[in-house]
J.: 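So that we are looking at the same thing, I have put the structure below in structure tokens.
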Amino acid sequence: MLTKAPRGSRDILPQDVGQWQFVEGKAADICRVFGYQEIRTPIFEHTELFLRGVGEVTDIVSKEMYTFQDRGNRSLTLRPEGTASVARSYLENKLYGEAQPLKVYYIGPMFRYDRPQAGRYRQFHQFGVEVFGADDPTIDADVMALSMRYFRGLGLNDITMQINSVGCPVCRSEYREVLQEQLKEDVSDLCKDCNDRYEKNPLRILDCKNERCRELTADVPMMADSLCEECAAHFSAVKQAMDKIGEKYVVNPRLVRGLDYYTKTAFEITSSVLGAQSSIGGGGRYDYLLSTIGGPNIPGIGFAIGLERVLLAMDAEKVSIPEANKLDAFVATVGKVCANEALAVTMMLRDAGIAADKDYLGRSLKAQLKFADKKGVRFIVILGDEELSLNKATVRDMKNGTQQSVSMMGLTAHLAALVKEA
RNA sequence: GUGGGUGUAGCUCAGGUGGUUAGAGCACCAGAUUGUGGCUCUGGGGGCCGUGGGUUCGAGUCCCAUCAUCCACCCCA
């Protein structure tokens, strides 16, 4: 136990951290271009925020939260998602007083107590964006387009944007009744899970994978056809906006999202290379979230993308990630050369911006070269008694095995030129 | 929370029906080459066989429990 990360959590090791920096960097890049600024909120919040914000009957709240009492007897919860926290911050800091709309993004860990499986972890990482203070359909398209362009920018191609409208509290509750009425006689025929859904969240029945349930709901009216005038107009305007910018999508009238706060636009991005957990990102509009948690009546929309799943998909699609964080040069010593000499030369190179390191274990030249090779270092600075007596260093290019003697004075400039060329 | 698969070296895995000192490949370290990496050859270090209990003269192997892990369901990213 002592040497094991808790279930569903894992280390991101030095050899893997490059891909994380890559996907996080790309997220920051696209957000800058789209006019979103980063926001960082605490990793835990008052439990109540999630109860009210996400919804008490959702799976996330009812069975997946990491909740604990702190020493002051406050009930706190490790955030299971990002939207509620950002909404809280928006209210607490009165960001509605700033220029609207407010467009923000976040990247960070989320926590859900689930059984781990492929593409699912208890601590996982999301990149998400939120927009407050705009209900224009073009902002819906803005948010959806950002997510798709992010994926394509990473080299992911087997992805699909699915959209739907889940209406507003008024037309949704009407539709809910219509649906229950339609399925009334078939309840006993539905699967066990759908029997629970019938009372709790009948819209979810439409999303069931069970074949029999699919058959029973085949001819049932869809939410998208039962929207009120305002919601229908919004949905159609969103689709037009997407068409206008050439962003492809498929309307999935059975798409339902699991969080209570969604209204109107709901969308989900799926990858065909992921297996059971094919959802790589999802989001939607939440026009009543702010008021639900005690704020003014301000609309919002956002999405969250699962970065572990992004990485999984990139791996499956064989996207190559540019190598980074490599050393430019390695200072090797031979003979009686004082370790301090090597340190001084290494430091001189570093001060010039050349990523350099040296041996710390008193190894043979052979072992040092082997080490440098393993680390993928291209240029080796060899310091021996011979070199020092001439106030020179030998510079070896590991790529082609050539070496030349360079004066100490010109060493930094020489290496800087080589590194720049390489 | 439910169902199934799997736990042997750092990694990937062998170890018919129980039987002596548990193996291989890769990786790691050293030497061949007393100042030169990759390739080759030689040698070396490494194992509470997940953990606890049981059956047995004897358990890596059989039984039970437990933990971990993987996959799926629920749900979600």
Side-chain angles (χ1 to χ4, degrees), chain A residues 1 3-10 13 15 54 57-65 79-83 107-128 147 151 191-197 200-201 204 207-210 255-259 267-271 274-283 302-313 330 332-337 361 363-388 394-403:
Chain A
M1 275 323 234
T3 54
K4 187 82 186 69
R7 181 162 208 204
S9 72
R10 53 182 196 164
L13 300 173
Q15 60 260 37
V54 178
V57 300
T58 60
D59 279 43
I60 290 179
V61 167
S62 62
K63 57 184 209 192
E64 295 172 3
M65 292 209 302
R79 62 182 185 192
E81 58 106 50
T83 304
I107 298 172
M110 305 294 163
F111 305 85
R112 291 184 201 170
Y113 190 87
D114 246 1
R115 282 283 289 268
Q117 72 182 74
R120 175 193 290 161
Y121 307 91
R122 288 183 173 181
Q123 174 175 340
F124 60 103
H125 299 77
Q126 287 188 332
F127 154 45
S147 70
F151 290 130
C191 73
K192 191 174 154 289
D193 290 320
C194 282
N195 264 278
D196 295 338
R197 292 178 181 129
K200 256 172 62 181
N201 191 352
R204 286 222 144 272
D207 217 11
C208 186
K209 290 171 191 166
N210 185 293
L255 176 67
V256 185
R257 312 240 62 237
L259 285 63
F267 61 96
E268 186 167 327
I269 303 101
T270 54
S271 164
L274 281 184
Q277 258 58 48
S278 61
S279 173
I280 195 170
F303 69 68
I305 287 170
L307 294 183
E308 279 81 1
R309 291 181 189 178
V310 165
L311 257 13
L312 245 28
F330 186 85
T333 57
V334 55
K336 298 194 289 279
V337 178
L361 301 177
R363 285 181 287 206
S364 67
L365 177 60
K366 183 185 169 76
Q368 292 179 62
L369 285 173
K370 202 167 176 176
F371 174 81
D373 184 48
K374 219 169 296 169
K375 288 278 184 183
V377 186
R378 174 148 174 203
F379 301 106
I380 312 293
V381 175
I382 301 173
L383 259 33
D385 298 335
E386 229 171 273
E387 282 84 355
L388 286 192
T394 299
V395 175
R396 179 181 179 83
D397 183 342
M398 295 288 267
K399 195 170 174 185
N400 48 36
T402 57
Q403 307 192 166

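Protein chains get the first letters and strands the later ones, always in sequence-line order, with residue 1 at the start of each.
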J.: Rounded to whole angstrom, note down the P distance from B:rG60 over to B:rC28.
T.: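 Their P atoms lie roughly 32 Å apart.
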
J.: Counting only N and O atoms by type, is there a donor-acceptor contact under 3.5 Å from the side chain of A:Glu81 to the main-chain atoms of A:Met110?
T.: no

J.: Under 4.0 Å between a side-chain N or O of A:Gln117 and OP1 or OP2 of B:rA72?
T.: yes

J.: Report the distance from atom NZ of A:Lys366 to atom P of B:rC28, rounded to the nearest whole Å.
T.: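 Answer to the nearest Å: 13 Å.
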
J.: Does the B:rC75 base have a donor-acceptor partner in the side chain of A:Arg120 within less than 3.5 Å?
T.: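 For A:Arg120, whose side chain was compared with the base of B:rC75, there is a donor-acceptor pair (under 3.5 Å).
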
J.: Hey, are A:Lys370 and A:Asp373 close enough for a salt bridge, meaning a charged N less than 4.0 Å from a carboxylate O?
T.: no

J.: Counting the atoms with a prime plus P, OP1 and OP2 as sugar-phosphate, which does A:Ile382 contact under 4.0 Å by heavy atoms, base, sugar-phosphate, or nothing?
T.: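 Result for A:Ile382 = base.
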
J.: Determine the interatomic distance between P on B:rG3 and the same-named atom on B:rC39; round to the nearest Å.
T.: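 Approximately 50 Å lies between the P atom of B:rG3 and that of B:rC39.
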
J.: State whether A:Arg197 places a side-chain N or O below 4.0 Å from either non-bridging phosphate oxygen (OP1 or OP2) of B:rC75.
T.: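 Result: yes.
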
J.: Applying a 4.0 Å non-hydrogen cut-off, can you work out what A:Gly401 is touching in the nucleic acid: base, sugar-phosphate, or nothing?
T.: base

J.: Assign A:Gly335 to base, sugar-phosphate, or nothing according to its heavy-atom contacts below 4.0 angstrom with the strands shown.
T.: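 Counting heavy atoms under 4.0 Å across all strands, no contact is made by A:Gly335.
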
J.: At under 4.0 Å between heavy atoms, what does A:Gln403 touch on the DNA or RNA strands: base, sugar-phosphate, or nothing?
T.: base

J.: Assign A:Ala118 to base, sugar-phosphate, or nothing according to its heavy-atom contacts below 4.0 angstrom with the strands shown.
T.: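 Touches sugar-phosphate only.
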
J.: When we call it a touch if two heavy atoms are under 4.0 Å apart, what does A:Gln277 touch: a base, just sugar-phosphate, or nothing?
T.: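 Answer is base: heavy atoms of A:Gln277 come under 4.0 Å of a base.
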
J.: How close or far is atom C1' of B:rC75 from atom NZ of A:Lys192, stated in whole angstroms?
T.: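 The answer, rounded to whole Å, is 14 Å.
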
J.: Enumerate, in order of first residue number, the stems that involve RNA chain B, defined as 3 or more consecutive Watson-Crick or G-U wobble pairs with both distances under 3.5 Å.
T.: B:1-7 with B:67-73, B:10-13 with B:23-26, B:28-32 with B:40-44, B:50-54 with B:62-66

J.: When we call it a touch if two heavy atoms are under 4.0 Å apart, what does A:Tyr121 touch: a base, just sugar-phosphate, or nothing?
T.: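 Contact class for A:Tyr121: base.
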
J.: Does A:Lys374 make a side-chain N or O approach to OP1 or OP2 of B:rC28 shorter than 4.0 Å?
T.: yes

J.: Is there a donor on the side chain of A:Gln368 or the base of B:rU36 sitting less than 3.5 Å from an acceptor on the other?
T.: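 No such pair is found, so the answer is no.
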
J.: Classify the nucleic acid contact of A:Glu387 as base, sugar-phosphate or nothing, counting any heavy atom under 4.0 Å across all strands shown.
T.: base

J.: Assign A:Glu386 to base, sugar-phosphate, or nothing according to its heavy-atom contacts below 4.0 angstrom with the strands shown.
T.: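 Base contact.
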
J.: Using the C1' atom in both, what is the distance from B:rG7 to B:rU51, to the nearest Å?
T.: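 It comes out at 11 Å once rounded to the nearest Å.
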
J.: Looking across every strand, which nucleic acid part, if any, lies under 4.0 Å from A:Arg115 by heavy atom: base, sugar-phosphate, or nothing?
T.: base

J.: With a 4.5 Å heavy-atom cut-off, do A:His125 and A:Pro109 have their side chains touching?
T.: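 Result yes, sub-4.5 Å side-chain heavy-atom pair found.
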
